[in-house]
Amino acid sequence: MAQPQPYLLPLRTLAIALLGILQRQGTLAVTSSPHLVFILQDDLGHYDVAFNGNTNNSAVTANITKLARDGIILKHHYTHWHCSPTRRSFLSGRLPVHHHEQLSGVATDDLDLRYTWISKKLKSAGYANFWFGKGHTGYMSMNHMPTRNGFDHFVGFLSGSQSYTSNDRWEDEHPLHTDAQFVNPPKNCGDGYRVYSPLMAHVQREKCAANQTSFHNLGFQCPGPSSMISSASSAADCCAACDTLGPYNCTHWTYMLASEHNGEALPQCTVWSGRGCSQIKHPGAVSGKPAEAPNPPPGVLHTYTASCTDRKISDKGQAIDKVAVVKEMESTKNVNVERVLRVCCVCICVLVSAIPAPPGPDHCASSYSTTLYGELCLQAIAAHNASVPLFLYFPIQAVHTPYDKVPGWTGPTYEGMLWDSDVQIGAIMQLLNSKGMYDNTLVVYTADNGGTGSGINFPLRGEKHTNWEGGMRTAAFVSGGLIPASLRGTTNAINMHIVDWYPTFCYLAGVDGTDNPPVPPSPVDPADPGKNIYGDRSYPGVDGVNLWNMLTHPEAHNRSSAHPYLVLSKEVVVAGSHKLLVAQNYGWSHTSDNGWKQPDGTWVAPAKAYNCGYTDLPGGLNGSLPGLPGRTPCLFDLDADVGERTDIAGSSPEIVAELWGVLNHTVLTAFCKDISIPPDTRSGSGCLSSPKELLGNCDAACAGAYWKQQYGSSEGPICGVPGC
């Protein structure tokens, strides 16, 4: 098959592109600027969360799953196949091809300083902006730092990976190695222990014990007030304390009492878990004393005539008033048809886990990162004026390697890393709710790429570092009070990308979502793939699309509404249900990740070689387009073949030609074409596109000496550094 002329786009392409432009405008009015919470989970597998089917992780992703099921699960949300390009795409609204696909170093120039970050856009609309967590977007100059780009406060690390208790962190524009350097630490930070966020005591098999899961307490829909126990130091203490409070204040159990229900016998005691009246039966639950298993509350409402799920619950998930329930019971005339009340009893315990202090005097600066960044989020929210719109960017380090043991967790480390993330997310939602902010909040949750290591992407093929779906299609959802009640608990199958949150957030904030250069780029030249079409004065504009109308009016849209063609990397384009894949990316071994990782963690290798399973040629656009000479791309129908097992390129030559032409044309618009890619692309050299006047004076030796002398660190920005 001859490679198509990359500049000849079919008329269908132009027509669909025009339709996409018309659909970019949101139509649902937003009366006030909502609070925006963006949670980016590192290296999370598509199958690592219960909302994507992994019930084994129900306990350690309880808050995440509850949020997903209270919102809209995004079935085709894409990112890049590894870390840095995804993060740069979110901040800039540009696809990876328009800021390059390498990993950022600490002091690399990867986000052109002429780009306006989403944080600057939101700052222009009056937002207070906070970033707590991983960086990894390149910080060659002081002007690349978050606080120079619209963030009011930043605490995190600049590199791609480090120990979870490393003190190689930054606060705003200075290194953070010691507690003395921490200008705004969380309360009690550095005391050598951590008071974890509220943990919900939970029924386990034949005993009462904590499953170390925090519920954000927005949806307890059944009668009875909640009580806070602050003196419990163990699950047993929590259960004992809850038992003394009376039948309406036990742990979060839901009972079905023995009775006759339309002639069908009910078991004596069935315990349900999760959200009140959630209909999720807890396996193995039996009757017994609180120290062993719960007894039903004696003599309360056992002749109630309607279950909780039959009652009308408000959109805000407010609890049913106990008095109203009793009155309804007493007014019932039909005593022959008895139904039972599933009594939701709530007792939240704050479990205080004593954690040995890290070596040396600096306990806070080297706190376990997930917990530290979560507490910083809570501190920022607690101090925030709820009348001011909030943008919280929470890029969690977990579950990226190294798999460092989680303080207070005794199970498998990977599950503990998920649990700690889940606890922090639950506490954040709980605090937003208590401050009256949740109802006007949009929460976006996504992974930065597919899972790897202990992560599982089932049923998708491949993993992080591959161009298969398992590397680029992420576990994602939107939630929060801003989601219309009629859409909660639904899914959305539109092809979307992390770049789309840039114009979507801008629309919700009421600001312009474009970021165009002062002059347009030159036309591409198919005869010269390496041509610099941007020169010194131009650069790529925003690639993202405003998703709000597509999220809130899904019935009016189809799979391609956001992106008729979505270029995920220089080897991949998706259009509707079709995916064209030219090759695997260069610089990473693809000998063991071309197959399918099963739910039990075992790999199934492909039975045959695929053209698109081979590794791409080295180098950038050095006179040739991506792909291997003599090998045609693969084409997959992702609706019929979610695991990318059947290459249909041979039977669909017209679709291959169309998508290949679009991919090649887009690749010709790549930014940073003159990058010298080293043999190992894990060590990026940077885009080096920012104007020198924006970088400031660059002196690596002077900068290193400054950071070392002032803060005990030798790594940081090298341009625009004070005194250099």
Side-chain angles (χ1 to χ4, degrees), residues 38-46 48 77-92 94-111 117 131-139 144 146 156-164 166 168-170 369-370 373 393-403 417 421 444-455 457 462-476 497-499 501 568-570 572 584-589 593 672 675 677-678 680-687:
F38 194 91
I39 303 170
L40 191 62
Q41 192 90 51
D42 203 341
D43 284 4
L44 180 77
H46 190 270
D48 287 346
H77 184 277
Y78 287 98
T79 63
H80 194 255
W81 47 261
H82 68 174
C83 182
S84 289
T86 292
R87 296 165 192 274
R88 298 193 299 259
S89 286
F90 169 63
L91 293 173
S92 70
R94 274 86 170 175
L95 290 167
V97 71
H98 290 145
H99 48 82
H100 85 84
E101 300 186 45
Q102 293 175 250
L103 293 179
S104 294
V106 170
T108 52
D109 175 27
D110 303 302
L111 276 177
W117 290 16
W131 175 344
F132 302 118
K134 182 172 176 176
H136 206 196
T137 59
Y139 310 94
H144 283 99
F157 62 101
L158 307 185
S159 62
S161 177
Q162 61 176 203
S163 164
Y164 282 68
S166 171
D168 185 14
R169 295 165 178 162
W170 281 68
S369 69
T370 307
Y373 299 143
Y393 177 36
F394 186 24
I396 305 172
Q397 182 177 356
V399 286
H400 196 290
T401 54
Y403 294 153
M417 296 164 79
S421 302
V444 181
Y445 176 93
T446 180
D448 64 336
N449 43 245
T452 187
S454 295
N457 301 303
E463 61 176 357
K464 176 184 179 181
H465 300 140
T466 74
N467 278 314
W468 301 114
E469 290 289 280
M472 314 177 88
R473 182 170 153 190
T474 62
H497 194 278
I498 197 169
V499 295
W501 300 114
L568 302 178
S569 72
K570 67 185 181 71
V572 179
Q584 294 302 315
N585 47 70
Y586 176 76
W588 299 87
S589 173
D593 57 13
C672 319
I675 290 179
I677 299 182
D680 181 356
T681 61
R682 287 170 289 185
S683 177
S685 58
C687 183

Donor-acceptor pair, Thr79 side chain versus Asp448 backbone, under 3.5 Å? yes

Which atom pair, heavy atoms only, marks the closest approach of Leu103 to Cys83? CD2-N, 4.0 Å

Closest heavy-atom pair, Gly45 versus Ala475, reported as atoms and distance to 0.1 Å, is O-CB, 4.4 Å

Taking only Lys NZ, Arg NE, NH1 and NH2, and the carboxylate oxygens of Asp or Glu, determine whether Asp110 and Arg87 approach each other closer than 4.0 Å. no

Between Gln397 and Tyr164, what is the shortest heavy-atom contact and its length? O-OH, 3.3 Å

Verify whether one side chain among His144 and Asp109 offers a donor that lies under 3.5 Å from an acceptor in the other. yes

Considering all heavy atoms, the nearest Pro96-His497 contact: CD-CE1, 4.1 Å

Say you draw a straight line from CD of Gln41 to CG of Asp48; how long is it, rounded to the nearest 0.5 Å? 9.0 Å

Looking only at atom types and distance, does a side-chain atom of Ser161 sit under 3.5 Å from a main-chain N or O of His400, one as donor and one as acceptor? no

Is a side-chain N or O of Lys134 found less than 3.5 angstrom from the main chain of Gly160, in a donor-acceptor match? yes

Looking only at heavy atoms, what is the nearest atom pair of Ala398 and Thr370, with distance? CB-OG1, 3.9 Å

Say whether His99 and Arg88, considering side chains only, have a donor N or O and an acceptor N or O under 3.5 Å apart. yes

Rounded to the nearest 0.5 angstrom, the OH-CG distance for Tyr78 and Asn449 is 14.5 Å

Under 3.5 Å: donor-acceptor pair, side chain of Ser89, backbone of Arg94: yes

Using 0.5 Å steps for rounding, measure from the CD atom of Glu463 to the OG1 atom of Thr452. 3.5 Å

Are a donor atom and an acceptor atom from the side chains of His80 and Ser569 found within less than 3.5 Å of each other? no

Is there side-chain contact between Thr446 and Thr86, with heavy atoms separated by less than 4.5 Å? no

Among pairs that include at least one residue of residues 95-105, which meet salt bridge (charged side-chain N to carboxylate O under 4.0 Å, His left out), considering only residues two or more places apart or in two chains? none

Flag the pair Ile396 / Asp42 as yes when at least one side-chain heavy-atom distance between them is below 4.5 Å, and no otherwise. no

Rounding to 0.5 Å, atoms CH2 (Trp468) and CG (Asp593) come to a distance of 10.0 Å

With under 30° as parallel and over 60° as perpendicular, where do the rings of His82 and His465 fit, or are they tilted in between? perpendicular

So among Tyr373, Trp501, Trp131, Phe132, which one has a ring pair (Phe, Tyr, Trp, His ring centres under 6.0 Å) with Tyr393? Trp131

Heavy-atom donor-acceptor pair, Thr108 side chain to Gly105 backbone, under 3.5 Å: yes

Looking only at heavy atoms, what is the nearest atom pair of Tyr139 and Leu158, with distance? CE1-O, 3.5 Å

Non-hydrogen side-chain atoms of Lys464 and Asp43 separated by less than 4.5 Å: yes

Taking the side chain as every heavy atom from C-beta outward, state whether His77 and Ile498 have any pair of such atoms under 4.5 Å apart. yes

Do Leu568 and Trp81 have side chains that approach each other closer than 4.5 Å (heavy atoms only, starting at C-beta)? no

Side-chain contact test, heavy atoms from C-beta onward, threshold under 4.5 Å: evaluate it for Thr474 versus Leu44 and give yes or no. no

Do Ser369 and Arg169 have side-chain heavy atoms sitting under 4.5 Å apart? yes

